[in-house]
Amino acid sequence: MKEISVTGQKRSDLGKKATKMLRKEGLVPCNIYGEKKGENGLPEALAFAVPMSELRKLVYTPNIYVVNILIDGEKHLAIMKELQFHPVTDALLHVDFFAINDEKPVVIGVPVKLNGLAQGVRDGGRMSLIVRKVNVRAKYKDIPETLDIDVTNMTIGKSIKVGDLHFDGLEMVTSKEVVVCTIKATRKSNAAAQAGANGDAAE
């Protein structure tokens, strides 16, 4: 995966008033979760804030990144896990990160990339990408930037499911029955098939 660096500052006041002030200053409240757990057994978060200007290149992209977070001089390696947007303005309200290391596998959604011109598309069908990301589990250094899928031999009416995908070092977490892509018939492909059938009948 690609790497990106952001710089943040710890926040101790977690109230609504303080959070609103951060956003007015162009900062986005964030949490990073790791192995540490509190007295209740739940994951304990480190609260911090990052300038929106630094998060924009991380959030508004189809790419996935390993994030080097520098918080008050302390380094953290993480992946982005969850985003919260304002329901009306779509402004970024909050980001959750998950701490990672070289040994422990992580679960992350990897973008799907379809390679090749499918036979079904050449025959007039329409390729539909149903899911843009598939969740996988692996050590972060083994996770590719994209899941490359060869669709050259796909014909009209055929689909590729998660269960059909196999990548070295990756465990598919998304359900095997989820359809990744499919080729649907169109008026053009139906007309071509009908013309072919009529030609065969005439012979």
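Quick note: numbers below take in every heavy atom, side chains included, and nothing from hydrogens, waters or symmetry partners.
Under a hydrophobic-cluster definition in which Ile, Leu, Val, Met, Phe, Trp and Tyr are linked whenever side-chain heavy atoms come within less than 4.5 Å, directly or via other members, Val180 and Val121 are assigned to the same cluster. Under the 4.5 Å side-chain contact rule for hydrophobic residues, Leu27 and Leu58 do not share a cluster. Hydrophobic cluster membership differs between Tyr65 and Leu147, with clusters built from Ile, Leu, Val, Met, Phe, Trp and Tyr side chains linked at under 4.5 angstrom. By the criterion of side-chain heavy atoms lying less than 4.5 angstrom apart, applied directly or through intervening Ile, Leu, Val, Met, Phe, Trp or Tyr residues, Val59 is not grouped with Val66; the two fall into different hydrophobic clusters. Tracing side-chain contacts under 4.5 Å through hydrophobic residues (I, L, V, M, F, W, Y), one never reaches Leu70 starting from Val28; they form parts of separate clusters.
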Inset, instruction - Evaluate side-chain hydrogen bond (donor to acceptor under 3.5 Å, both in side chains) for Glu145 paired with Asn63, printing each intermediate quantity in order. - result: CA-CA 7 Å; Glu145 294 179 15; Asn63 300 321; over 6 Å; no
Inset, instruction - Evaluate side chain to side chain contact (heavy atoms under 4.5 Å, CB included) for Ile32 paired with Phe98, printing each intermediate quantity in order. - result: CA-CA 5 Å; Ile32 183 169; Phe98 185 77; over 6 Å; no
Legend entry - Check against side chain to side chain contact (heavy atoms under 4.5 Å, CB included), Ser128 and Ile183: CA-CA 6 Å; Ser128 293; Ile183 298 183; over 6 Å; no
Inset, instruction - Please test Ile160 against Ile149 for side chain to side chain contact (heavy atoms under 4.5 Å, CB included), starting from the C-alpha separation and ending with a verdict. - result: CA-CA 9 Å; Ile160 292 178; Ile149 303 174; 3.7 Å; yes
Legend entry - side chain to side chain contact (heavy atoms under 4.5 Å, CB included) assessment of Ile71 paired with Leu46: CA-CA 10 Å; Ile71 305 172; Leu46 170 62; 3.7 Å; yes
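We find the CG-CE distance between Leu114 and Met154 to be 8.0 Å, quoted to the nearest 0.5 Å. Atoms CD and OG1, from Gln119 and Thr155 in turn, are 8.0 Å apart once rounded to the nearest 0.5 Å. The CG atom of Asp13 sits 7.5 Å away from the OG1 atom of Thr19 when rounded to the nearest 0.5 Å. With values rounded to the nearest 0.5 angstrom, Asp148 atom CG is found 4.5 Å from Asn115 atom CG. The distance from atom NZ of Lys81 to atom OH of Tyr33, rounded to the nearest 0.5 Å, is 12.5 Å. Rounded to the nearest 0.5 Å, atoms CG (Asn153) and NZ (Lys158) are 12.0 Å apart.
Between Asp123 and Ile156, the closest side-chain pair of non-hydrogen atoms falls below 4.5 Å. Counting heavy atoms from C-beta outward, Val178 and Ile130 have side chains that stay 4.5 Å or more apart. Side-chain atoms of Thr182 and Met127, non-hydrogen and from C-beta on, never get closer than 4.5 Å to each other. Between Val151 and Cys181, some side-chain heavy-atom pair lies under the 4.5 Å cut-off. Glu74 has its side chain within reach of Lys10: a pair of non-hydrogen atoms, C-beta onward, lies under 4.5 Å apart. No side-chain heavy atom of Leu77 sits under 4.5 Å from any side-chain heavy atom of Val67. Within the 4.5 Å cutoff, the side chain of Leu83 has heavy atoms near those of the Leu92 side chain. Taking the side chain as every heavy atom from C-beta outward, Arg11 and Leu22 approach each other to under 4.5 Å.
Looking at residues two or more places apart in sequence or on another chain, you find a salt bridge (charged side-chain N to carboxylate O under 4.0 Å, His left out) between Glu177 and Lys161. Residues satisfying the side chain to side chain donor-acceptor pair (under 3.5 Å) criterion with Asp142, sequence neighbours excluded, are absent altogether. Considering only residues two or more places apart in sequence or on other chains, Leu93 meets the side chain to side chain contact (heavy atoms under 4.5 Å, CB included) condition with Arg23, Gln84, His86. Checked against salt bridge (charged side-chain N to carboxylate O under 4.0 Å, His left out), Glu103 has the following partners two or more places apart in sequence or in another chain: Lys139. Residues that satisfy the salt bridge (charged side-chain N to carboxylate O under 4.0 Å, His left out) test with Arg137, not counting sequence neighbours, are Glu171.
The minimum heavy-atom distance linking Asp150 with Thr152 is given by the pair OD1-OG1, 2.6 Å. Residue Gly109 comes nearest to Ile64 through the heavy atom pair O-CG2, 3.4 Å, listed as atom of the first residue, atom of the second, then distance. Of all heavy-atom pairs spanning Ile79 and Val107, the tightest one is CD1-O, 4.0 Å. What you find for Ala138 and Gly169 is that their closest heavy atoms are CB-O, 3.4 Å. For the residue pair Ala78 and Ile69, the shortest heavy atom distance occurs at CB-CD1, 4.0 Å. For the residue pair Lys57 and Thr61, the shortest heavy atom distance occurs at O-CG2, 3.5 Å.
No donor-acceptor pair closer than 3.5 Å links the side chain of Ser159 to the backbone N or O of Val179.
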Please report, to 0.1 Å, the donor-acceptor pairs under 3.5 Å made by any side chain of residues 47-56, with sequence neighbours excluded.
{"residue": "Glu54", "atom": "OE1", "partner": "Thr7", "partner atom": "N", "Å": "2.8"}

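Crowding of Asp168 atom CG: a count of heavy atoms from other residues, nucleotides or ligands under 6.0 Å not exceeding 12. Few gaps surround CZ on Arg122; more than 12 heavy atoms of other groups in view lie less than 6.0 Å from it.
In this structure, a donor-acceptor pair under 3.5 Å is present between the side chains of Asp102 and Tyr140.
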